Protein chains: 2
Amino acid sequence: MVIFTNMLVESPGIPSQRERILDAAERLFMERGFAAVTLRDIGTELDTTHAALYYHFPGGKEALFAEVAERNVRRHGEGLAAAIEAAGIGLRARLRGAAAWLVSQPPMDLIRMTQSDFPSLPDADAGRIMSLIYELILLRLQAVFETARASGEIADCDPGLVAGGLVGMVESLHSIPVFARRRSLDEMACELLDIVLRGLGYREGGTA
Amino acid sequence: MVIFTNMLVESPGIPSQRERILDAAERLFMERGFAAVTLRDIGTELDTTHAALYYHFPGGKEALFAEVAERNVRRHGEGLAAAIEAAGIGLRARLRGAAAWLVSQPPMDLIRMTQSDFPSLPDADAGRIMSLIYELILLRLQAVFETARASGEIADCDPGLVAGGLVGMVESLHSIPVFARRRSLDEMACELLDIVLRGLGYREGGTA
DNA sequence: GTCTATATAAAGATAGAC
DNA sequence: GTCTATCTTTATATAGAC
């Protein structure tokens, strides 16, 4: 029986250097965007040099960003699905779970991504990541509204539009400077959610 | 009677080169953010060289961005005030006017500004512009909700939170790629607005 | 795998001609 | 006022030692 070294370093709790790079890069890139982060910033974060990054990511900054952005979208999607799942049934519970997840994560600035980051990437990368955003996040939330509509919990509406508007509204809470936050992002998201729910004619349990 | 040259070049319809630079810079900076735009980009846009920009803006990129960002916020604030004013009375009309104005402008990405652009500026500039955003945009919209609350058009709510959430929701429509827009941003904003209005217990005319 | 050193390119900024 | 040319800094990227 042969034990591979890379199986050991990938064991839980001992993240590989590659993972550590991805973590730091993801945080920096998602906070500031592609253009505003240098490879030296990422190296400094890990107490190493930017040259070391090229061993793990031969494709350089673009490849690193593309991988990091895709990873971020997938993580957002998984967390969203898990939060919705864990919330059980009922539109209000599901949306609160989804919103709590979104504000617990670094901001996902879709305006910056579409207007600034993606145009800097090869079309193939940009297109793939944009499709993932649509598929893993927007469609996932849209399905929640469709389910609620089908069971009579809410009135008729454009579920895709409402899902998108909700993400934008909740994510925008991240733009409140930390010193100006008199309540937690979670509480504020809940209050906004309740307004939207009422606007959709929400009644618990639906027509049943 | 002396006629100053710079009075002539500032006459309507004949924008000075300084104005043309501000216009181009504003569009580019507000679309892509501080880090993603080079002075050469701006020069190219005006069929000139980046060196020429230093004659009009000796402070370089930072000073140009600071002036452009402040100008953009003031323009947003003025347009917002004018749109609300022109809409007459009634919360729905006012919010529709405000939303129509917001989607008619290049996106104002508050997440990117606070997380990425402002940290690149001197604290004084960043603080001043952030205060203007608060004062000219958020407080202006907040006042609309407070007025509506006072006249009984809507139920009690946190007007600052609702104003902020609304801006975030409406602005996020800008992240929909152009090819994927099946309706105009204006129509989508109206539909979202109506949901929020209903959620606030809106009734036309208020208690009167 | 990571480092130092270096090559190359891009971007901010200035000088001086016109 | 604008241009060309140049300088300086910064950033991406590579080479080769360890």
Side-chain angles (χ1 to χ4, degrees), chain A residues 4-11 14-26 28-29 31-69 116-117 119-122 125, chain B residues 3-11 14-26 28-29 31-69 116-122 125:
Chain A
F4 295 99
T5 306
N6 62 347
M7 289 177 65
L8 293 175
V9 301
E10 294 291 351
S11 59
I14 311 170
S16 65
Q17 180 68 346
R18 193 173 194 281
E19 282 298 316
R20 295 183 59 232
I21 293 171
L22 283 171
D23 286 340
E26 182 172 335
L28 290 173
F29 275 135
E31 259 175 21
R32 304 186 208 155
F34 178 72
V37 176
T38 71
L39 294 182
R40 281 175 176 82
D41 290 335
I42 299 170
T44 300
E45 194 83 1
L46 299 165
D47 286 314
T48 182
T49 65
H50 72 285
L53 304 179
Y54 284 90
Y55 172 79
H56 302 279
F57 299 92
K61 188 183 184 184
E62 274 192 11
L64 177 56
F65 179 83
E67 179 158 345
V68 147
S116 183
D117 294 342
S120 306
L121 295 184
D125 289 322
Chain B
I3 295 179
F4 295 98
T5 306
N6 62 346
M7 289 178 65
L8 293 175
V9 300
E10 295 290 349
S11 59
I14 310 170
S16 67
Q17 180 69 345
R18 193 173 194 280
E19 283 298 315
R20 295 183 59 232
I21 292 172
L22 283 171
D23 286 341
E26 182 172 334
L28 288 174
F29 275 136
E31 258 175 21
R32 304 186 209 156
F34 178 72
V37 176
T38 71
L39 295 181
R40 283 173 176 83
D41 289 337
I42 299 170
T44 301
E45 196 81 0
L46 299 166
D47 285 314
T48 184
T49 65
H50 73 284
L53 304 178
Y54 284 91
Y55 172 79
H56 302 278
F57 300 92
K61 189 183 182 183
E62 274 191 11
L64 177 56
F65 179 83
E67 179 157 347
V68 146
S116 182
D117 294 342
F118 290 166
S120 305
L121 295 184
D125 289 321

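Labels below follow one simple rule: chain letters A, B, ... track the order of the sequence lines, proteins then strands, and each chain is numbered from 1. Every value quoted in this text rests on a predicted model; they were computed, and no experiment measured them.
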Novice: Taking CD1 from A:Ile42 and P from D:dT12, how many angstroms apart are they, rounded to a whole number?
Specialist: 8 Å
Novice: Would you mind reading off the distance between B:Phe65 atom CZ and C:dG12 atom P, rounded to a whole angstrom?
Specialist: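 Taking CZ of B:Phe65 and P of C:dG12, I get 13 Å after rounding.
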Novice: Regarding B:Asp41 and B:Thr44, is there a side-chain donor-to-acceptor distance under 3.5 Å anywhere?
Specialist: no
Novice: Indicate yes or no: at least one non-hydrogen side-chain atom of A:Leu39 is less than 4.5 angstrom from one of A:Tyr54.
Specialist: yes
Novice: Provide, to the nearest angstrom, the distance between the CG atom belonging to B:Leu64 and the C1' atom belonging to C:dA13.
Specialist: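 Interatomic distance, CG of B:Leu64 to C1' of C:dA13: 14 Å.
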Novice: Please state how far atom CG in A:Asp47 lies from atom C1' in C:dG1, giving the value in whole angstrom units.
Specialist: 16 Å
Novice: Using only atom types and a distance under 3.5 Å, with no angle test, would you say the side chain of B:Asp117 pairs donor to acceptor with the backbone of B:Gly33?
Specialist: no
Novice: Rounded to the nearest 0.5 Å, what separation is found between the NE2 atom of B:His56 and the CZ atom of B:Arg20?
Specialist: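 These two atoms lie 9.5 Å from each other.
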Novice: What's the NZ-C1' distance between B:Lys61 and C:dG12, to the nearest Å?
Specialist: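 After rounding, the reported distance stands at 8 Å.
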Novice: In whole angstrom, give the distance that lies between atom CZ of A:Phe57 and atom P of D:dA13.
Specialist: 14 Å
Novice: Within the pair B:Thr49 and D:dC3, is there a side-chain N or O less than 4.0 Å away from OP1 or OP2?
Specialist: yes
Novice: Rounded to the Å, how far apart are B:Arg32 CZ and C:dA11 C1'?
Specialist: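 Value for this atom pair: 14 Å.
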Novice: Using nucleotides 5-10 of chain D, report all nitrogen or oxygen pairs with the protein that are shorter than 3.5 Å.
Specialist:
none

Novice: Give the ring-plane orientation class for A:Phe29 versus A:Phe65, where under 30° counts as parallel, over 60° as perpendicular and anything between as tilted.
Specialist: perpendicular
Novice: Look at the side chain of B:Tyr54 and decide which nucleotide, out of C:dG12, D:dT12, D:dT2, has an atom nearest to it.
Specialist: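 Within the option list, the nearest is C:dG12.
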Novice: Hey, what do you get for CZ (A:Arg18) to CG (A:Asp23), rounding to the nearest 0.5 Å?
Specialist: 11.5 Å
Novice: Any chance you could measure A:Leu46, atom CG, to A:Ile21, atom CD1, to the nearest 0.5 Å?
Specialist: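 Interatomic distance, A:Leu46 CG to A:Ile21 CD1, rounded to 0.5 Å: 6.5 Å.
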Novice: To the nearest Å, give me how far apart CZ (B:Arg20) and P (D:dT2) are.
Specialist: 9 Å
Novice: With the criterion being N/O to N/O and under 3.5 Å, what pairs connect the protein with nucleotides 16-18 of chain D, and how long is each?
Specialist:
none

Novice: Under 4.0 Å from OP1 or OP2 of D:dG1: is there any side-chain N or O of B:Tyr55 that close?
Specialist: yes
Novice: To the closest 0.5 Å, what do you measure between CG (A:Leu22) and CD1 (A:Ile42)?
Specialist: 9.5 Å
Novice: Got a second to check how far A:Leu53's CG is from A:Gln17's CD, nearest 0.5 Å?
Specialist: 8.5 Å
